[in-house]
Structures are given as structure tokens and as C-alpha cells.
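Below is one structure, written out as C-alpha cells; comments come after it.
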Amino acid sequence: MVDLGLLHPILSQLNSGVIVVDDEYRLHYLNNFIERHAGLQLSQVIGQSLFKIFTDLPEAWLKRKLMSVVDLNSPAFSSWEQRQYIFKMPHLRPVTSSSLYMAQNCTMLPLPSSVPGQTLICILVEDATDAFVYQQQLSKTLLDLEQANRQDGLTKVSNRRHWETQLKLELQRAQRYQHPLSLILFDLDKFKELNDRYGHLGGDFVLVELASLIDSLLRDSDLLGRYGGEEFGIILPDTPEAGAKEVAERICKAVADYPMLFNQQTIRTSLSMGVVEFSPKEHQIHDDLIRCADMALYQAKRNGRNQVSVFAPGQTEYQKKVK
């Protein structure tokens, strides 16, 4: 039989928590680790209900766990990966974490008692905060890498590779389910002149400002991407030509009306936009859709810029692109 009094000098030195309760969840013992982290004194809480002492415990879940230990006379376990903690105690590590509380691995063991007819359960609490924090940091790093792999470094919208990948997927979906799909290509009018006047920092500023503005005007299901330089594309799933033209005209007007302050100078610019709706007969691959939107875009430029042009079936290739 176990005598907790004899074991106390050993248990008090452990860098893990030890809690002992009976089958009615009354506290019989806790060691220095628990006293220190939970701000308790054994002499003040002994004999009280575990759930009265730790009011934040997942009571129904923990009772099932503890009763399985008694009924089966076998250990039970809870990992921080399944449940970050059972006992809500602050960790004492000088680490940056999304949680102020100690992550825990908890083992529940049946414990022989020196008192006849008494059933005891020992709960071992291991501080797993380091593993929890390292896993958080790793997950954040992987998420950042994934985001960087699909995001344009300057404007923070989708980069060309990710944007084209999504366009291919949306094209396949439109072909399979016969859903409408539209594409908008646009670029900034006379961007070279803007760069020459305000410098490349000014040009970059305008790209960032307009990307943010345009992205705010789109639905969550739409995807804005930087196709190259000052040229961008918008994928509009489940959107026919008329809806895409309406979106493009709204964006075109918003940009033309949007003053941008750079180095105490107000910059205004405009867009030329080409719109095309997916047609199974004309667009077998995503490049076909891009080519048609591109033709409509440069038709808008030839028509005077700061406007939207819709691709007309049978429209011929342009000879020279107008900036």
C-alpha cells in the first residue's frame, strides 16, 4: 500500500504535478508543483471536492476519465494535443504564446490505498508548454510559407502562379457543372508616366493602394491576382457576363474617384478593363480565357482608356498594345 506521507519528500521535489483524489473526487494530496502553479496550500484544500478547488475543470469529461480508471483499474491519458490543459494554471516561461496557460500531458493512474475499502486515483500533470509553443511556432512558420508561396510580395493579393492555378480549377468546375464563370483583366492607364513622375516608390504605392481598394469591392469567392507589372486579373465564379461587367464598371469608377496621397502629393489614376465570360466552345483551356480578356482590355485602351470593354465573340487579335 502507498503511504503518501512517506513519499511526500520525494513527490515535493518533482518538476511535475501530483494530485491524488478518491472515487468521490475529494482531494487527498497535491505536491509543491501544483501548490506553486495553482496558488494553493494542501492544508487549506485537503478533503474538498476537486471541482470546487479547480472551478474551470471540464467536469463531465474528467469524471468519465477518472471513473474509467477506477472501473477498469487501468491508466487513462490526456495529451496537450487533444486538450491543451485540464488544470487551468499559468505557465511560468518567458515565451511568446497565444495562451497564458500551461499546456499539459496528464496521466491518471489507479493508486493502492493504505485504508481498507478506499479507492484512490493519482493524476500526474506534466508541463508540456515548450512543446505546445514550438508546435505553434512551427505551424505559424508553415502557414507563413504557404501564404508567401501564393501571395504577391508587394500588393499582398494572389501572385500569378497561384491565381492561374485557381483559374484552371474554376474553369474545370464551370465545364463540369455548367456554371457561369467570368474573368476581368485590367491594368493602370499610363503607368509608365506615373512612374516617371513620382518614381518607382510612388508607382509601388499606387499598386498597393489600388489592390487593397479593389479587393475590398469583391466578394469572398472572387479572386484578385497580380498578373504582371501593373496588370491584374479577377476571377468571378458563378458570374455571367452582365454581372462581371457591372463589377468592372463599379471598380473602374471607384478607382477614377479615388485620390491617393503620396509624399504630400495627390495621385489619381484610372483603369482599362476587359471582361469575358467563359464559353465552352471558345475556351478549352484557361489561356484561351485570358487571351480573350486581354483583347477586350486593349480594346478599352484603344477606345480612350478609363473604361470597360466586353469581349465580343469573333473579335480579332490586336496588333499593338496601347499603354
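Just the heavy atoms: all of them, side chains too, but no hydrogens, waters or symmetry mates, feed the values below.
With contacts defined as side-chain heavy-atom distances shorter than 4.5 Å, the pair Glu231/Asp294 qualifies. Residues Pro237 and Arg173 are in side-chain contact: their nearest non-hydrogen atoms beyond the backbone lie under 4.5 Å apart. Here the side chains of Thr155 and Phe232 are in contact, with some heavy-atom distance below 4.5 Å. Side-chain contact between Met102 and His37 is present, with heavy atoms from C-beta onward closer than 4.5 Å. Using a 4.5 Å cut-off on side-chain heavy atoms (C-beta onward), Ser16 and Val125 make no contact. Residues His286 and Ile290 form a side-chain contact, since some pair of their non-hydrogen atoms from C-beta on lies under 4.5 Å apart. By the 4.5 Å heavy-atom criterion applied to side chains, Phe191 and Asn195 are counted as neighbours. Side-chain contact between Arg268 and Tyr258: absent, with no pair of heavy atoms (C-beta onward) separated by less than 4.5 Å.
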Enumerate, atom names and distances included, each donor-acceptor pair closer than 3.5 Å involving a side-chain atom of residues 57-66, sequence neighbours excluded.
{"unit_1": "Glu59", "atom_1": "OE2", "unit_2": "Lys63", "atom_2": "NZ", "d": "2.8"}
{"unit_1": "Lys65", "atom_1": "NZ", "unit_2": "Phe77", "atom_2": "O", "d": "3.0"}

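Without hydrogens or angle criteria, Asn303 side chain to Gln299 main chain gives a donor-acceptor distance under 3.5 Å. In this structure a side-chain-to-backbone donor-acceptor pair under 3.5 Å is present from Ser216 to Leu213. Listed for the Asp288 side chain is a donor-acceptor partner under 3.5 Å among the backbone atoms of Ile285. Listed for the Thr141 side chain is a donor-acceptor partner under 3.5 Å among the backbone atoms of Gln137. Looking at Asn31, its side chain does come within 3.5 Å of a backbone N or O of Val18 through a donor-acceptor pair. Side-chain N or O atoms of Trp163 include none that pairs as donor or acceptor with a backbone N or O of Leu224 at under 3.5 Å. Proximity of a side-chain donor or acceptor of Glu35 to a complementary backbone N or O of Leu42 within less than 3.5 Å is detected. Judged by distance alone, the side chain of Gln307 and the main-chain N or O of Arg305 form a donor-acceptor pair under 3.5 Å. Under the 3.5 Å distance criterion, the side-chain polar atoms of Asn73 are left unmatched by any main-chain donor or acceptor of Pro110. The closest donor-acceptor contact from the side chain of Glu230 to the backbone of Leu188 lies at 3.5 Å or more, if one exists at all.
Following chains of ILVMFWY side-chain contacts shorter than 4.5 Å, one can reach Leu271 starting from Leu154, so the two form part of one hydrophobic cluster. Trp80 and Tyr134 are members of different hydrophobic clusters when ILVMFWY side chains are connected at heavy-atom separations under 4.5 Å. A single hydrophobic cluster is not seen to contain both Leu169 and Leu181; linkage of ILVMFWY side chains at heavy-atom distances under 4.5 Å, directly or through other members, places them apart.
The only option from Phe54, Phe33, Phe51 that meets the ring pair (Phe, Tyr, Trp, His ring centres under 6.0 Å) definition with Phe87 turns out to be Phe54. Here the options are Leu124, Val69, Leu109, Ile121, the test is side chain to side chain contact (heavy atoms under 4.5 Å, CB included), and the partner is Pro75; only Leu109 passes. Here the options are Asp152, Asp204, Asp215, the test is salt bridge (charged side-chain N to carboxylate O under 4.0 Å, His left out), and the partner is Arg226; only Asp152 passes. No option in Leu171, Leu289, Ile234, Val275 other than Leu289 meets the side chain to side chain contact (heavy atoms under 4.5 Å, CB included) test with Leu183. When Ile235, Leu167, Leu218 are each tested for a side chain to side chain contact (heavy atoms under 4.5 Å, CB included) with Leu223, only one passes: Ile235.
Between Asp287 and Arg291, none of the side-chain N atoms (NZ, or NE/NH1/NH2) sits under 4.0 Å from a carboxylate O, so this pair counts as no salt bridge. The pair Lys245-Glu241 does not count as a salt bridge, with every side-chain nitrogen at least 4.0 angstrom from each carboxylate oxygen. In this structure, Asp187 pairs ionically with Lys301, as a charged nitrogen and a carboxylate oxygen lie closer than 4.0 Å. A salt bridge between Arg197 and Glu193 is absent, with no side-chain N of the basic residue lying under 4.0 Å from a carboxylate O of the acidic one. With respect to Lys253 and Asp257, a salt bridge is recorded, a charged nitrogen being found less than 4.0 Å from a carboxylate O.
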Taking it one step at a time, do Asp22 and His28 satisfy side-chain hydrogen bond (donor to acceptor under 3.5 Å, both in side chains)? CA-CA 7 Å; Asp22 59 29; His28 286 247; 3.0 Å; yes
CA sep, side-chain torsions, deciding dist, call: Leu111, Val20, side-chain contact (heavy atoms from CB on, under 4.5 Å): CA-CA 9 Å; Leu111 190 67; Val20 177; 3.9 Å; yes
I'd like to know whether Lys190 forms a side-chain contact (heavy atoms from CB on, under 4.5 Å) with Leu194, so could you lay out the CA-CA distance, the side-chain angles of the two residues, the decisive distance to 0.1 Å, and finally the verdict. CA-CA 7 Å; Lys190 299 183 179 180; Leu194 189 149; over 6 Å; no
Steps toward side-chain contact (heavy atoms from CB on, under 4.5 Å) verdict (Leu50, Arg26): CA-CA 6 Å; Leu50 183 68; Arg26 291 188 297 259; over 6 Å; no
Pair Tyr227-Glu164, side-chain hydrogen bond (donor to acceptor under 3.5 Å, both in side chains): steps then yes or no: CA-CA 9 Å; Tyr227 193 68; Glu164 284 200 79; 4.7 Å; no
Take Gln104 and Asp127, measure what side-chain contact (heavy atoms from CB on, under 4.5 Å) needs, and give me the verdict at the end. CA-CA 5 Å; Gln104 300 161 5; Asp127 185 353; over 6 Å; no
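Side-chain rings of Phe205 and Phe262 approach one another, their centers coming within less than 6.0 Å.
Atoms CD1 and CD, on Ile214 and Glu209 in that order, are 11.5 Å from each other to the nearest 0.5 Å. Taken to the nearest 0.5 Å, the CG atom of Leu297 stands 9.5 Å off from the CZ atom of Arg302.
Within a 6.0 Å sphere centred on CD of Glu246, other residues, nucleotides and ligands contribute 12 heavy atoms or fewer. Heavy atoms from other residues, nucleotides or ligands lying under 6.0 Å from CD of Gln82 number more than 12.
With sequence neighbours left out, Arg219 forms a side-chain hydrogen bond (donor to acceptor under 3.5 Å, both in side chains) with Asp222, Thr239. Phe278 pairs by the ring pair (Phe, Tyr, Trp, His ring centres under 6.0 Å) definition with nothing, not counting sequence neighbours.
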